[in-house]
**Q** 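Structure provided below as structure tokens; questions to follow.
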Amino acid sequence: SVVELAPGASLIRRWLDPDQQAWIVRRFREWAAGPVPIRAATVRGHPMSVRTVCLGWHWQPYRYTRDATDVNGARVLPFPDWLVRAGRRALADTGHDAGEVERYTPDTALVNFYDEHARMGMHQDKDEVSRAPVVSLSIGDSCTFRLGNTDNRNRPYTDATLESGDLVVFGGPSRLAFHGVTAIHPGTAPPGCGLDAGRINLTLRETGMAG
Ligand code: MD3
Ligand code: FE
């Protein structure tokens, strides 16, 4: 069943079964090895506690590039077709209309790894030109996810526990809402998910960038 966290933010628990989760974790280990190794992006002079590897386009705080000029200069891996299909299925399963599902063509994935101490402060995702929905998939330890409003990073918040296999689609008024991850819950990764410790989050996005 679909849970509405906020207008435009739809959650489906355990959307990925354990085999799918473990398969994605194996892909994650390949992506993390390179050609652009997973790294903590630097924001205003400080490394983030979250480590990120990208597909399709390389996210550097505040811009997308094809080459990881802030890491080793290598070109990022292509965005795989199976993730385009997964993104469309995610929109369809959360009730987006058929036209939107057909048009949705995510071209970048930010794949975040959280150890038990990692956090993500409240922020908006505005580096994309497209305002198409963001698809989020969580694997491993559960987290406390915080969704705020579109004006500022302050209360009121909706806090939700995101668990291994959970899907969230952020569209409509939630697309530009402030959001963050306030805690990782160590020891909560379910057997069979492919991760012993830590949390992986994949976000699928349309950059709206040409070529
Ligand atoms: C709401 N990631 O990568 S996923 C991010 O768990 C990011 O790694 C968090 O925020 C994570 O930018 C949260 C949920 C999420 C992702 C993108 C959003 C929520 C969003 C974009 C717009 C609104
Ligand atoms: Fe975000």
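First listed ligand is number 1; within each ligand, the first listed atom is number 1. Numbering of residues begins at 1 and proceeds along the displayed sequence. Treat the numbers as computed from the prediction; the structure is a model and nothing was measured. FYI, side chains are in, hydrogens and waters are out, and symmetry mates aren't considered; it's all heavy atoms of this structure.
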**Q** Does any N/O atom on Ser174 come nearer than 3.5 Å to any N/O atom on ligand 1?
**A** no

**Q** In the protein, which heavy atom is nearest to atom 5 (C) of ligand 1, and how far is it?
**A** Arg205 NH2, 3.2 Å

**Q** Looking only at protein heavy atoms, which one is nearest to atom 6 (O) of ligand 1, and how far off is it?
**A** Arg199 NH1, 2.8 Å

**Q** What angle, in degrees and rounded to 10°, do you get at the Fe ion (ligand 2) when you join it to NE2 of His123 and to NE2 of His179?
**A** 90°

**Q** Output the atom name for the N/O/S atom of Asp125 with the smallest distance to the Fe ion (ligand 2).
**A** OD1

**Q** Let me check something: do Ile12 and Leu204 share a hydrophobic cluster, defined by ILVMFWY side-chain heavy atoms less than 4.5 Å apart, either directly or through other members?
**A** yes

**Q** Please state which protein non-hydrogen atom is closest to atom 16 (C) of ligand 1 and give its distance, to 0.1 Å?
**A** Thr203 CG2, 3.7 Å

**Q** Could you tell me whether some N/O pair between Asp125 and ligand 1 is separated by less than 3.5 angstrom?
**A** yes

**Q** Is it the case that the ring center of Phe145 lies less than 6.0 angstrom away from the ring center of Phe170?
**A** yes

**Q** Does either side chain, that of Ser138 or that of Asp166, offer a donor lying less than 3.5 Å from an acceptor on the other one?
**A** no

**Q** Please indicate whether any nitrogen or oxygen in His123 is less than 3.5 Å from any nitrogen or oxygen in ligand 1.
**A** yes

**Q** Any side-chain heavy atom of Asp127 sitting closer than 4.5 Å to one from Gln60?
**A** no

**Q** Tell me which one of Asn112, Val50, Val134 gets a heavy atom nearest to atom 17 (C) of ligand 1.
**A** Val134

**Q** Please identify which atoms of ligand 1 are closer than 4.0 Å to at least one heavy atom of Ser136.
**A** 4 (S), 14 (C)

**Q** Looking at Trp59, is Arg63 sitting on its ring face, NZ or CZ under 6.0 Å from the six-membered ring centre and within 45 degrees of the normal?
**A** no

**Q** Give the atom numbers and elements of ligand 1 that come within less than 4.0 Å of a heavy atom of Asn201.
**A** 4 (S), 6 (O), 8 (O), 11 (C)

**Q** Under a single-linkage definition using a 4.5 Å side-chain heavy-atom cutoff for Ile, Leu, Val, Met, Phe, Trp and Tyr, are Trp57 and Leu77 assigned to the same hydrophobic cluster?
**A** no

**Q** How far is atom 7 (C) of ligand 1 from its nearest protein heavy atom, and which residue and atom is that?
**A** Met120 SD, 3.5 Å

**Q** Are a donor atom and an acceptor atom from the side chains of Glu206 and Thr105 found within less than 3.5 Å of each other?
**A** no

**Q** Do Thr144 and His185 have side-chain N/O donor and acceptor atoms under 3.5 Å apart?
**A** yes

**Q** Has Arg153 got its NZ or CZ under 6.0 Å from the middle of the six-membered ring of Phe178, at an angle within 45 degrees of the ring axis?
**A** no

**Q** From the options Phe178, Phe145, Tyr114, select the one whose nearest heavy atom is closest to atom 8 (O) of ligand 1.
**A** Tyr114

**Q** Going by atom types alone, do Thr188 and Ser142 pair a side-chain donor with an acceptor below 3.5 Å?
**A** yes

**Q** Tell me the protein heavy atom at minimum distance from atom 22 (C) of ligand 1, and give that distance in Å.
**A** Arg175 O, 3.0 Å

**Q** Quick test: of every protein heavy atom, which one is nearest to atom 15 (C) of ligand 1, and how far off is it to 0.1 Å?
**A** Phe170 CE1, 3.4 Å

